[in-house]
Structure formats: structure tokens, C-alpha cells
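We name chains A, B, ... by the order of the sequence lines, and we start the count at 1 in each one.
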Amino acid sequence: MAVVRPFDKLPALNSAAVLLVGSDESLQQKLAEAILKEKKNFKISIHLATSLPLPSERDHLRPRIDLIAFMIDIKSKYSLKNVEASLAHVDASFFLGKVCFLVTGVGRVNYCSVEMNAIWKLGEVYCSPVLYCELELEGIRVATAQRLLQMLQICAGHIPGVSALSFGLLMRNSADE
Amino acid sequence: MDETVAEYIRRTVLKIPRDEIKSMLQTWGFLSETQLQTLNFHQTKDNISQDVVQLCEDNSADIKQAAVLDIIYNHIYPNKRIWSVYQMNKTGEETDFFDLTDFKKKFKRRLQSALKNVTINFREYEDNAIWIRIAWGTPYKKPNQYKTSYVVYHSQTPYVFISASVLRSTLPLLCQALVVASNYHDIREMELRSHCLNSLKDIVFKRYSQTFQTYYPRPLQERNVAPENVDLRIIQENRSEKERIQRVNREVFGDGPQPKLEFAQYKLETMFKSNPKMDVLDIKEPFRCLVKFSSPHLLESLKSLAPAGLADAPLSPLLTCIPQKARNYFKIRERKGFFPGSFVSP
């Protein structure tokens, strides 16, 4: 089983790679474009996948993944199942601050088919932050892109003095308050 | 002219969109061209309808002519009604030559012998379609022109499309009359219903794009086409999976447009299979459950489920068999025997 590992490849100079995993491709594409629009001073590559494991034929072309963002749509149980199945293909050491969950669709209360409890448990079990964002709205999409970019920089080690793990702990502690 | 006829014509004209009134009246042919010239089609529909009624008064229209206008309206706008499909069959191999006059005579005679108060109108169209309009009354009341049933019969086929009227009790009589008039033995209701008459015809006459179980060799060209406007910094990891979904979709649904259906209904009479620890139902009885899918265009939305990332491809055959089986109402019972499971009842 091909598992995504955080440190199995050498990092490239001044670059970072983020992997978005989710079943809604058009939303992924929009978020990726929003991320690219932001100002940054490093090379970025955004990998879009519908599920894990990633196809092995592209392994040698892929850079080291610094951040994985799993996208769950509250309106679709299928997207939650998809993410849960994909989580099994991620190495445990990724969950030390290099994974986050993006939960979209929260604006439409009448169409929720995934329980908030299930999402919260997911965040707890995998010790990763859960960001609630209504990605269909452009303003929130831009804000989420900015947050992801900031997290990506930390996870890629571009910010001296702040590691992914310490940032992850910071986010969890502030969420609990 | 009868007051009820006048009112009926007025209401029928009011239903027609303003731009279509002139052409529909011309098709009707009851008013002469000179009379039509006197009508002002730029006023409100209310006024137009009053003028039309006045002209019909001058020509002494009766209910038969008014009914023809109604048939014309329903022929152009059939999607305002729900149509059910019926199939007739006959034992034996005799292929009778279809005689239209004979059909009409037998149909009228059968209906009128059972129920004196009916208004029956026929109109033939191209592609051998016979439209029948029936207004139902009771032994004591004149036919109610607003409670009508419509029948579309393609004489070269055993299929009949019936628009259910409010009076469901008249359906057996109607079916009987059809069977007798067309020299068939019996008639059964296919579990297929929709608003879109043309789509129903497409399904039973197999006019939609069918899929064949052949291997689709992927043309080399497809691989080399690079999509424009794609930033090279965005990398699609699952491109081959996406292509597989497209291929499966094409194999299941075909390339052309799907017939338009609005719902699919599954009546489940299967046993509830739960975690033995859950113990929800101790009684070993089938768990009755109704699952209904509704959509403005059901088959197209099923086709786009997998590409949109909302379901796995291929979809359940219970959903994809709808056009081939020509039904959208299913009863699913437990399969009795060695292998547990469910099967679709015929």
C-alpha cells in the first residue's frame, strides 16, 4: 500500500507543495486558483486528488508533500467516507501538524447530512485542526487560501523558530479555549 | 351557442401563450382567415379570448369544435400532464390491417354503451399517432369538459400513452375500450410515468442512444490533448481515475441526451439488515420502505453524479437499468433461496 510520508524525499530550495484531497473537483480547482493568486515569495505546487493512495506511476515526479488538506463537504456523506478511507494511506508522522481538515458547505443548514459530531471526532482522533469554511463564497475562499498558505509556509519550514508541530499545538490549544 | 361551450373556449384560449394564439387558431381552422384578421393580438389575453368567443358565437361553435382546440393545445403542450405508458398484447400471430374508421367506431361504441355521457374526439397526426380526448360525465350529469383523459395511440405499436385524469375510476373502462377497438387481448400498465411524452416515446420505441457492450478503444489523440488555461503549478493526481469514470459513464449511459424523467420510485419489501447488536427489529417481517428520487431531469443528473464526485462509478444497476427496462417504478423483494439478496420483480 502506497503511503504518503512526510520525510521520504529531499526538500527543494524555496518551494513547498500542498496536497488537497476531496471528492469535489471543481471546488478543489477554485481553491487552488485562489491560493495561486496570493502573493508569495516561494515556489508552490498544488496537487489535487480525489482520494488516496496516489497513483504510483507519478511518484518520481512528485515533490515532497508539506501539507495535506482533506476537504469534506457537509452536504455529502460520500465525501466524508472518501476522506476517512484516504486517511489510512497517510503516514502517522504526518499528523504532527502537517494535516488539516477543511469542512465546507456549513452555510446550508437544511442540506447537512454529515453530523458535526463526526467531524469533531475526526479532528480529535487525528489531532489535526478543523477549519470550517464555506468555500463556495469567494471572500471565504480567499481567506481560507491565505490561511492555508501561511500553514504551508510553516510546514515547509520557511518560518524560522516555528515548526509544524508547535503551530499545530498552538491551534489546538486556542481552539479548546 | 351554449354558455358552457363559450366559457370553455374562453378558458382554453387563456391557457395559450399570447404569441402562439394566432398560429393555434389557424391550425384549428374553425375561424376563417378574414375573421382572424379582425382580431387584435396585441391586447390583453382576457380581451383576445373575449373576441375569439364572440367570433365562435358568430360561427355557432359546438362542444365538438371546442374539443378540437383543446386537443391541439395539449398536442403542442403535452408536458403539462403526467403520462403513463400501457402495453397491449394479443395472443396469436394475426397481424390485422389497422383500419382507422373501424377503430374509432368500435371505441366510441364501447364507451358509449357503458356510459352515455361522454364526449369523444379523435385527431390523427403524422407518425401514426392517434390522439383521443374523452370528457367524462355520469349517468345523470353531462360530461365535465374540465375533467378529461387523453390517449395517444401509435397504431403500428402495442403502446398506448394515457394521461391520467382526476377520475381514476374511469380507467378500466377506457382500457377495455382500447383493447376492443384495436383488436388486442389485454392491456397492462407498464410502470413508467413522466411529464415528458416525447421522452416516454423515446424509451419504449428505443429511440434514445443505446449503449452496446463493446470495447471502446481509446483513441491516441485523447491522451495528447493538453487542456488550455491550466496553470502548471496545479497538478491533477487522479487523471486516470477521472478518465475511467468518463469511460464507465459513456458505457452505461451512451453519448446522446437522456430521455427526460422526473422520478424513480423503489418500493422496498426487504428484511432490515442491521448490526445484530442493534436489535432494532425483532420481528422477522419485511421492513417497508419507499425510496423516491426526484429531479428536473433524473437521468442526466444520475449521469453527472460520478463526474461531480458525489458517487462511485459505476452506479447501482437499479438506477441505470431504467431506460432499458422501460420503467421507473420498482418493487424490490427479498430473493428467496440459497443466496440472500434482493431482486427486482417483473
[X] atom [atom1], neighbour heavy-atom count above 12 within 6.0 Å:
{"X": "Arg147(A)", "atom1": "CZ", "result": "no"}
{"X": "Lys121(A)", "atom1": "NZ", "result": "no"}
{"X": "Lys40(A)", "atom1": "NZ", "result": "yes"}
{"X": "Leu10(A)", "atom1": "CG", "result": "no"}
{"X": "Glu38(A)", "atom1": "CD", "result": "yes"}
{"X": "Lys81(A)", "atom1": "NZ", "result": "no"}
{"X": "Tyr111(A)", "atom1": "OH", "result": "no"}

Contacting moiety of Glu57(A), where chain B heavy atoms sit under 4.5 Å:
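For Glu57(A), side-chain heavy atoms alone lie under 4.5 Å from chain B.
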
Minimum heavy-atom distance between [X] and [Y], given as atom pair plus value:
{"X": "Ala49(A)", "Y": "Asn238(B)", "result": "CA-OD1, 3.0 Å"}
{"X": "Asp312(B)", "Y": "Tyr78(A)", "result": "OD1-OH, 2.5 Å"}
{"X": "Ile234(B)", "Y": "Gln29(A)", "result": "CD1-NE2, 3.9 Å"}

With side-chain contact (heavy atoms from CB on, under 4.5 Å) as the criterion, how do Ile235(B) and Ser45(A) come out once you've worked through the C-alpha distance, each side chain's angles and the decisive distance to 0.1 Å?
CA-CA 7 Å; Ile235(B) 296 127; Ser45(A) 70; 4.0 Å; yes

Under 4.5 Å, counting heavy-atom pairs only, tell me which of Asp73(A), Leu48(A), Val18(A) racks up the most with chain B.
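Of Asp73(A), Leu48(A), Val18(A), Leu48(A) has the most heavy-atom pairs under 4.5 Å with chain B.
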
Quick one, His47(A) and Gln236(B) - any side-chain contact, counting heavy atoms below 4.5 Å?
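Result no, sub-4.5 Å side-chain heavy-atom pair not found.
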
Distance, nearest 0.5 Å, that separates CZ of Arg239(B) from CZ of Arg58(A)
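It is 7.5 Å, given to the nearest 0.5 Å.
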
Passing option when Glu237(B) is tested against Leu54(A), Val21(A), Leu52(A), Thr50(A) for side chain to side chain contact (heavy atoms under 4.5 Å, CB included)
Leu54(A)

